[in-house]
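Scope of the values below: all heavy atoms of this structure, side chains included, with no hydrogens, waters or symmetry mates.
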Amino acid sequence: MNTSNPRIGVIGTGAIGGFYGLMLARAGFEVHLLLRSEFEAVQRNGLQVDSAVHGSMQMNIAAYADAADMPACDWLLVGAKTTSNAELAPLIATVAAPQAKVVLLQNGLGVEEQLRPLLPDHLHLLGGLCFICVNREAPGVIRHQSLGAVNLGYHSGPAVDQAQRQAIVEAGAALFHAAGIDSQAMTDLAQARWQKLVWNVPYNGLSVLLRASTTPLMADTDSRALIQALMAEVVQGARACGHELPQGYAEHLFAVTQKMPDYWPSMYHDFTQQRPLELAAIYAEPLARAQAAGCELPKIQALYQALAFIDRQVASRGKPAPTTTPL
Ligand SMILES: NC(=O)C1=CN([C@@H]2O[C@H](COP(=O)(O)OP(=O)(O)OC[C@H]3O[C@@H](n4cnc5c(N)ncnc54)[C@H](OP(=O)(O)O)[C@@H]3O)[C@@H](O)[C@H]2O)C=CC1
Ligand SMILES: CC(C)(CO)C(=O)C(=O)O
């Protein structure tokens with residue numbers, strides 16, 4: 001592998017993949033983007049990120065509609081939704097250089113465990129937790145509203161010991177640093193995935209169920225109370241599974257969200273676009289793990305059941321007419 005100028009492939013170039021892909025390309029890295037519905041637009045016009053933090057950025061970056069056409073990459077950033085991972089596994093294997101690092105830039109729990117058996121053993125698998133507000137606005141156009149950090153942790157692969165695992169994670173964080181992105185090398189990916197759920201469990205699901213973005217969700221007494229109760233259950237589930245989250249973490253996230261611009265979580269965009277919701281990774285897996293540890297999470301369970309109904313309705317009926325559109 002090329003350590004001085006690693007080749008970076010983005011598998012699934014949507015909001016997350018496009019934002020980080022463009023930032024890395026802008027920093028001088030060789031970046032290759034795999035796209036599907038937006039391939040022609042990006043090949044024709046390049047990729048554009050309208051960022052409230054970095055300004056408007058536009059770049060022509062090598063774009064592909066077929067993974068077989070991509071060169072072998074040292075780092076693969078998976079930016080597709082968790083619902084696509086199984087179908088993406090053969091594409092990842094096709095594009096990966098020997099001993100490539102595959103980084104799942106995704107929310108939820110159990111995503112690495114689901115993908116691992118579908119990948120060749122010689123690939124390193126990492127998780128990446130993205131603290132950012134981005135969404136696709138038009139084909140090849142991404143809106144970046146705020147934040148941007150990516151925290152990385154090693155999951156599995158040929159690394160022989162903890163020192164080697166940590167060196168790989170630090171090398172990944174260094175790539176993001178070089179692109180001006182905050183990134184921490186984490187030692188405990190499972191804990192970090194639970195921690196991120198403290199935000200995603202309440203806000204992602206409630207945005208779909210109540211058709212509301214963060215500002216109205218935080219302004220209403222009942223939805224505020226519900227957010228706090230859901231956050232408390234995630235903390236409880238994490239504890240039952242052996243992950244004691246930092247004291248006051250839920251309160252911290254609540255305060256951070258109050259300072260964020262009004263935001264529609266990515267699950268809401270999936271709902272309005274009639275795409276499958278990331279329910280397995282964000283709800284079913286944490287519920288199953290907590291239950292296996294003897295811990296019931298009734299409010300999360302109820303939210304999950306309501307969302308599963310909506311998800312099935314969308315899948316079976318096609319387009320519902322959303323009552324609200326994202327801002
Ligand atoms: N958006 C955000 O602010 C945040 C998102 N996350 C997480 O990041 C992950 C990605 O989310 P996000 O970027 O919002 O998702 P998007 O829907 O914006 O992007 C997903 C991309 O993957 C592409 N894709 C899916 N399957 C394939 C395939 N078989 N071949 C090629 N491309 C494919 C989609 O293409 P197509 O257009 O054809 O569907 C789309 O471009 C999720 O797990 C989400 O929860 C985490 C933090 C913040
Ligand atoms: C919590 C938030 C909004 C920003 O950190 C995010 O990362 C998400 O939408 O998943």
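Electrostatic pairing of Glu87 and Lys81 does not count as a salt bridge here, judged by no charged N lying under 4.0 Å from a carboxylate O. With respect to the salt-bridge test (charged N to carboxylate O, under 4.0 angstrom), the residues Lys101 and Asp74 do not qualify.
Gln48 meets the side chain to side chain contact (heavy atoms under 4.5 Å, CB included) test with Asp50, Ser56, Gln58, Val141; sequence neighbours excluded. Taking Gln228 as the reference, Phe254 meet the side chain to side chain contact (heavy atoms under 4.5 Å, CB included) condition, with sequence neighbours excluded. Partners of Gln164 under the side chain to side chain contact (heavy atoms under 4.5 Å, CB included) rule, at least two apart in sequence or in another chain, are Ala159, Val160, Asp161.
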Kindly list each side-chain donor-acceptor pair under 3.5 angstrom involving residues 186-194, sequence neighbours excluded, with atom names and distances?
from: Asp188; atom 1: OD1; to: Ala190; atom 2: N; distance (Å): 3.3
from: Asp188; atom 1: OD1; to: Gln191; atom 2: N; distance (Å): 3.1
from: Gln191; atom 1: NE2; to: Glu244; atom 2: O; distance (Å): 3.0
from: Arg193; atom 1: NE; to: Glu112; atom 2: OE1; distance (Å): 3.1
from: Arg193; atom 1: NE; to: Glu112; atom 2: OE2; distance (Å): 3.0
from: Arg193; atom 1: NH1; to: Gln106; atom 2: O; distance (Å): 2.8
from: Arg193; atom 1: NH1; to: Gly108; atom 2: O; distance (Å): 2.8
from: Arg193; atom 1: NH2; to: Gln106; atom 2: O; distance (Å): 3.4
from: Arg193; atom 1: NH2; to: Glu112; atom 2: OE2; distance (Å): 2.7

Contacts table for residues 286-302: side-chain donor-acceptor under 3.5 angstrom, sequence neighbours left out:
from: Arg289; atom 1: NE; to: Glu285; atom 2: OE2; distance (Å): 2.9
from: Arg289; atom 1: NH2; to: Glu285; atom 2: OE2; distance (Å): 3.3
from: Gln291; atom 1: NE2; to: Glu296; atom 2: OE2; distance (Å): 3.3

Using atom types as modelled, flag every donor-acceptor pair under 3.5 Å from a side chain in residues 88-97 to any protein atom, sequence neighbours excluded.
from: Thr94; atom 1: OG1; to: Pro90; atom 2: O; distance (Å): 2.8

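In this structure a side-chain-to-backbone donor-acceptor pair under 3.5 Å is present from Asp262 to Thr215. With hydrogens and angles disregarded, no donor-acceptor distance shorter than 3.5 Å links the side chain of Ser146 to the backbone of Met260. In terms of modelled atom types and a separation under 3.5 Å, the side chain of Ser223 and the main chain of Leu217 share a donor-acceptor contact. Proximity of a side-chain donor or acceptor of Glu137 to a complementary backbone N or O of Val49 within less than 3.5 Å is not detected. A donor-acceptor pair under 3.5 Å is absent between the side-chain atoms of Tyr283 and the main chain of Leu303, judged by distance alone.
At a threshold of 4.5 Å between non-hydrogen side-chain atoms, the residues Asn200 and Lys196 count as touching.
Nearest heavy-atom pair, Ala63 versus Val42, reported as atom, atom and distance to 0.1 Å: CB-CG1, 4.1 Å. In terms of heavy atoms, Met70 sits closest to Gly9 at CE-CA, 4.4 Å.
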